[in-house]
Protein chains: 2
Amino acid sequence: MNQANGKTEEFVGSPLSLTVDVVIFSLRPRDPLQQPEEPGGEVLQELHVLLIQRARPPFMNCWALPGGRVRPDESLEQSAARQLAEKTGLRAAYLEQLYTFGRPERDSRGRTVSVVYYALVRSDKQELLAGPGTTDVRWFPADRLPGPLAFDHAEIFGYALFRLRNKIKYANIAFQFLPPTFTLSQLRAVYEAITDRKEDPGNFKRKVEASGAIIKTEARVEGGRHRPPSLYRAIVQNDLLNRGPAS
Amino acid sequence: MNQANGKTEEFVGSPLSLTVDVVIFSLRPRDPLQQPEEPGGEVLQELHVLLIQRARPPFMNCWALPGGRVRPDESLEQSAARQLAEKTGLRAAYLEQLYTFGRPERDSRGRTVSVVYYALVRSDKQELLAGPGTTDVRWFPADRLPGPLAFDHAEIFGYALFRLRNKIKYANIAFQFLPPTFTLSQLRAVYEAITDRKEDPGNFKRKVEASGAIIKTEARVEGGRHRPPSLYRAIVQNDLLNRGPAS
DNA sequence: GGAATAGTGTCTGTTAGACACTATCTA
DNA sequence: TAGATAGTGTCTAACAGACACTATTCC
């Protein structure tokens with residue numbers, strides 16, 4: 001990095017805007033208006049993404065990923081967490097840098113480079129708060145996004161989805177969508193919703209127990225209609241495979 | 001991205017510097033002064049990284065990753081390729097975005113966010129040209145870097161090495177270190193140099209042929225001391241697994 | 001008991017790796 | 001022919017997935 005170009009090396013800022021955008025994933029029940037619940041009565045979970053509706057041009061009224069300018073005193077990850085909180089009122093269970101997008105023409109107002117993070121959010125009933133500059137905040141099923149997204153956000157979303165689907169195969173992140181303790185059925189439902197493939201319950205149990213990522217607790221789920229399942233808890237881990245560098 | 005904060009949304013740049021740094025990897029013969037050639041006489045290949053020596057403070061005389069300011073009209077990848085050419089005179093066979101580093105204190109002169117790429121360079125005898133602002137450009141073995149690197153470049157390098165070692169296991173990038181046609185011995189030597197593990201020649205041949213990443217040509221290597229090996233050629237591919245998003 | 005889910009046992013096809021063996025070149 | 005590398009055959013242990021089976025709960 002860093003010498004300007006051969007002359008003196010004094011520091012000056014650039015005529016360039018640095019933003020952070022966040023692709024926010026969550027598992028939510030399938031919209032009952034779109035399709036009624038299963039006969040069995042259990043709730044089908046579906047992968048959703050949070051979008052905000054822009055109140056101003058460019059792309060007025062279009063849906064977009066939440067994001068905003070990086071402040072001088074905050075790290076990129078802090079900025080992502082702040083965008084999340086300010087624009088949506090949510091808190092992320094997991095936050096990881098995805099990619100940095102910087103085509104010169106991606107924002108018509110001027111050169112804008114965007115560091116994109118993706119966030120996994122627990123499916124509890126957290127309330128959505130529309131921040132300033134937006135007319136609406138809403139969850140959309142990942143396979144049915146509304147009309148053209150603003151800027152290059154469709155491309156960004158596509159890449160985030162690709163990476164999430166890929167990563168869930170080898171990294172232990174699925175539990176980030178769930179409450180602190182969960183059943184294997186719930187965890188399996190997360191996999192199935194994201195990969196869109198059925199897993200064999202028995203094989204899934206062995207695989208995930210052998211991975212050492214989760215541990216069985218003493219507790220069980222009471223009051224169900226059937227044999228009560230054990231509750232599991234995730235083993236905390238922050239290895240490189242799961243996130244980026246230590247920084 | 002994009003609305004400033006609720007008021008008008010006119011575009012202004014930030015008091016922030018955006019740079020691109022490049023971790024340049026190559027396979028080069030082990031320094032014969034450090035250790036003489038193998039009795040057999042063939043050249044041991046070793047993973048090297050290119051560093052430049054800074055001519056000015058901060059970190060004057062320290063070694064650093066080559067890099068520099070992103071220009072308003074170039075994409076991030078173009079910028080990385082340009083840094084490579086200007087600071088070192090090299091051309092990359094492969095270039096991929098690694099991670100974006102942005103801790104507020106990482107450059108004492110002011111807020112500097114750096115998008116880091118890593119490059120794989122063929123081991124031909126390309127000449128090194130020290131660019132402006134640097135007193136020296138040199139290859140270093142990846143496991144013997146010179147004294148503390150400038151800024152957070154040691155951390156960046158560590159992460160790049162981790163990612164390269166990891167990626168070579170599942171993505172077909174090893175041939176990027178080699179000339180257009182190569183023998184399986186050469187390709188195997190690349191793997192062994194990067195992962196620091198011996199591979200069984202027979203198993204390696206089957207594995208890499210089954211992957212479909214390379215194809216045997218009619219040509220063979222003549223003039224060696226032993227049975228002449230076939231030459232192979234890489235199948236061109238630009239899938240998502242190998243690089244980032246299409247952009 | 002019936003229905004439903006939790007959880008176990010077991011078989012099979014695929015794969016990574018170890019390792020012995022054959023093939024082909026130069027000196 | 002000796003020596004070295006190219007390349008093949010084959011065995012084994014590990015693993016993923018299919019699937020049948022047992023266990024436990026509520027109704």
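Residue numbers begin at 1 in each chain, while the letters A, B, ... track the order of the sequences.
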Atom-pair distance ([atom1] on [X]; [atom2] on [N]), nearest Å:
{"X": "A:R206", "N": "C:dC11", "atom1": "CZ", "atom2": "P", "value": "13 Å"}
{"X": "B:F204", "N": "D:dA6", "atom1": "CZ", "atom2": "P", "value": "12 Å"}
{"X": "A:K205", "N": "D:dC21", "atom1": "NZ", "atom2": "P", "value": "20 Å"}
{"X": "A:K169", "N": "D:dA16", "atom1": "NZ", "atom2": "C1'", "value": "15 Å"}
{"X": "A:Y232", "N": "C:dG7", "atom1": "OH", "atom2": "P", "value": "5 Å"}
{"X": "A:L184", "N": "D:dA23", "atom1": "CG", "atom2": "P", "value": "20 Å"}
{"X": "B:R227", "N": "C:dT24", "atom1": "CZ", "atom2": "P", "value": "6 Å"}
{"X": "A:R220", "N": "D:dA23", "atom1": "CZ", "atom2": "P", "value": "14 Å"}

In plain terms, say whether A:E192 and A:K198 are close enough for a salt bridge, that is, a side-chain N and a carboxylate O under 4.0 Å apart.
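Yes.
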
Closest to the 5' end of DNA chain C, once A:H226 and A:D200 are matched to their nearest nucleotides, is A:H226

If you assign each of B:R197 and A:K216 to its closest nucleotide in DNA chain C, which residue comes earlier from the 5' end?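 Between the two, 5'-proximity favours A:K216.
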
Can you tell me if A:E209 and A:Y232 form a side-chain donor-acceptor pair at under 3.5 Å? yes

The answer to which of A:P228 and B:E209 contacts DNA chain D further toward the 5' end, by nearest nucleotide, is B:E209

[X] side chain N/O closer than 4.0 Å to the phosphate oxygens (OP1, OP2) of [N]?
{"X": "B:S230", "N": "D:dG7", "value": "yes"}
{"X": "A:T183", "N": "C:dA6", "value": "no"}
{"X": "B:K207", "N": "C:dA16", "value": "no"}

* To do: Start with the C-alpha gap between A:Y159 and A:F157, add the side-chain angles, then the distance that decides, and say whether ring-ring contact (aromatic ring centres under 6.0 Å, His included) holds.
  => CA-CA 5 Å; A:Y159 184 55; A:F157 165 76; over 10 Å; no

A:R188 side chain, from C-beta outward: closest of D:dG7, C:dA4, C:dA6: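 Closest nucleotide to the A:R188 side chain: C:dA6.
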
* Using the salt bridge (Lys or Arg N to Asp or Glu O under 4.0 Å) rule, take A:E46 and A:R144 through it: C-alpha gap first, then chi angles, then the decisive distance, then the call. => CA-CA 11 Å; A:E46 212 179 8; A:R144 299 189 297 278; 3.4 Å; yes

Q: Drop me the distance from A:I194's CD1 to A:R165's CZ, to the nearest 0.5 angstrom.
A: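 The CZ atom of A:R165 is 8.5 Å from CD1 of A:I194, to the nearest 0.5 Å.
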
query: For the side chain of B:N203 and the base of C:dA18, is some donor closer than 3.5 Å to an acceptor across the two?
result: yes

